[in-house]
Amino acid sequence: MVLCIITRMRILVAGVLILVVGAYAVYCSGWFQKKYVYPLPYEAIIFKYALENDLDPFLVASVIRAESKFLVKARSPKGAMGLMQMMPETAEWVATQLEFTDFSIKQLDDPEVSIRLGAWYLSSLKKEFNSNEILMLAAYNGGRGNVKHWMEQYQWSFDFAGIEGIPFRETREYVKKVLASKARYQELYQAE
């Protein structure tokens, strides 16, 4: 009787172990990662506006993933809208810079409009912060004025690389998340 129970327990443990290893292998597979963890919807639009604005398309995809998880009608409690979670005032300013006539805030629910405006805005931050991705992402999340203030207050140069020094926890975590996503997108999609 005891031998039978021990045998059943061994079979059960072996079965659970096989199930766990199998689930982990599926989770780590490129297919699963691309489909569920790091999807790339709107790929053509992302590439179009990223390349037009001298940005890495995987950086733009990572911003979208962090901002809206690719939900077209995403809304933040603070009022940010669309895939790239732009604040209405910022979107209106970008639209005027792009000479986008007849722009309305509701258009941020259109993936092409959101990505077009968001990519241009990211590109403007890239220029402003001398291509430093940490600073430009911190500005995208925490505001360009805050980043300029931090640069002055903490004497950061455009070579700044100390993510842990970003004083806003939310912004610090956002920058880490976007850069990690960018690296994973590159691993998964660049070989194609």
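When reading the values below, keep in mind they use all heavy atoms of this one structure, side chains included, and skip hydrogens, waters and symmetry mates.
Note that CG of N146 and CD of Q153 are 10.5 Å apart. Values are rounded to the nearest 0.5 Å. To the nearest 0.5 Å, atoms CZ (R172) and CD1 (I134) are separated by 13.0 Å. If you take NZ on K126 and OG on S131, they are separated by 4.5 Å, rounding to the nearest 0.5 Å. Distance check: I46 CD1 to L59 CG gives 11.0 Å after rounding to the nearest 0.5 Å.
Counting only residues at least two apart or on different chains, no side-chain hydrogen bond (donor to acceptor under 3.5 Å, both in side chains) pair has a member in residues 79-90. Counting only residues at least two apart or on different chains, the salt bridge (Lys or Arg N to Asp or Glu O under 4.0 Å) pairs with a member in residues 127-148 are E128-R144, E128-K148, E133-K182. Among residues at least two apart or in separate chains, side-chain hydrogen bond (donor to acceptor under 3.5 Å, both in side chains) pairs with a member in residues 155-168 are E164-K176. Listed by first and then second residue, the salt bridge (Lys or Arg N to Asp or Glu O under 4.0 Å) pairs that reach into residues 93-102 come to none, sequence neighbours excluded. For residues 61-84, the pairs satisfying salt bridge (Lys or Arg N to Asp or Glu O under 4.0 Å) are R75-D109, with sequence neighbours left out. Listed by first and then second residue, the ring-ring contact (aromatic ring centres under 6.0 Å, His included) pairs that reach into residues 71-93 are W93-W120, sequence neighbours excluded.
Shown here are the side chain to side chain contact (heavy atoms under 4.5 Å, CB included) partners of I6, two or more places apart in sequence or in another chain: V2, R10. Not counting sequence neighbours, the partners of D110 by the side chain to side chain contact (heavy atoms under 4.5 Å, CB included) test are E112, V113. When the ring pair (Phe, Tyr, Trp, His ring centres under 6.0 Å) test is applied to F129, no partner is found at least two apart in sequence or on another chain. Judged as a ring pair (Phe, Tyr, Trp, His ring centres under 6.0 Å), and not counting sequence neighbours, Y49 has no contacts. Every residue meeting the side chain to side chain contact (heavy atoms under 4.5 Å, CB included) condition with S104, not counting sequence neighbours, appears here in chain and number order: K106, Q107. F103 pairs by the ring pair (Phe, Tyr, Trp, His ring centres under 6.0 Å) definition with F100, not counting sequence neighbours.
Y38 is connected to L179 through a chain of hydrophobic side-chain contacts under 4.5 Å among Ile, Leu, Val, Met, Phe, Trp and Tyr, so both are in one cluster. Cluster annotation: I105 is not connected to L71 through the hydrophobic network of ILVMFWY side chains, with a link wherever side-chain heavy atoms come within less than 4.5 Å. There is no path of hydrophobic side-chain contacts, each under 4.5 Å, that joins M87 to L117.
The distance between the ring centers of W150 and F160 does not fall below 6.0 angstrom.
Nearest heavy atom pair, residue P111 against residue I45, reads O-CG2, 4.4 Å. Residue G142 comes nearest to F168 through the heavy atom pair O-CE1, 4.4 Å, listed as atom of the first residue, atom of the second, then distance. For the residue pair Y174 and A66, the shortest heavy atom distance occurs at CE1-CB, 3.9 Å.
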| query | For M86 and Y140, what are the C-alpha separation, side-chain angles and deciding distance, and is it a side chain to side chain contact (heavy atoms under 4.5 Å, CB included)? | reply | CA-CA 9 Å; M86 295 188 75; Y140 194 89; 4.0 Å; yes
| task | Would you check, one step at a time, whether the test side chain to side chain contact (heavy atoms under 4.5 Å, CB included) holds for D56 with Y185? | result | CA-CA 11 Å; D56 183 326; Y185 271 113; over 6 Å; no
| Going through the checks in order, is the side chain to side chain contact (heavy atoms under 4.5 Å, CB included) test met by E43 and L40? | CA-CA 6 Å; E43 180 176 3; L40 196 52; 3.8 Å; yes
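Within the 4.5 Å cutoff, no side-chain heavy atoms of N132 are placed close to those of M136. When side chains are defined from C-beta on, M81 counts as touching P88, because their heavy atoms get closer than 4.5 Å. The side-chain heavy atoms of M151 and L135, taken from C-beta on, include a pair separated by under 4.5 Å. The shortest side-chain heavy-atom distance between L122 and V63 falls under the 4.5 Å cut-off. Put simply, the side chain of Y154 reaches to within 4.5 Å of the side chain of P167, judged on heavy atoms. Contact check for L55 versus F47: no side-chain heavy atoms found under the 4.5 Å cut-off. Side-chain contact between V147 and I166: absent, with no pair of heavy atoms (C-beta onward) separated by less than 4.5 Å.
No donor-acceptor distance shorter than 3.5 angstrom exists from the side chain of S114 to the backbone of G82, with no hydrogens or angles considered. S123 places no side-chain N or O within 3.5 Å of a backbone atom of A119 that could act as its donor or acceptor partner.
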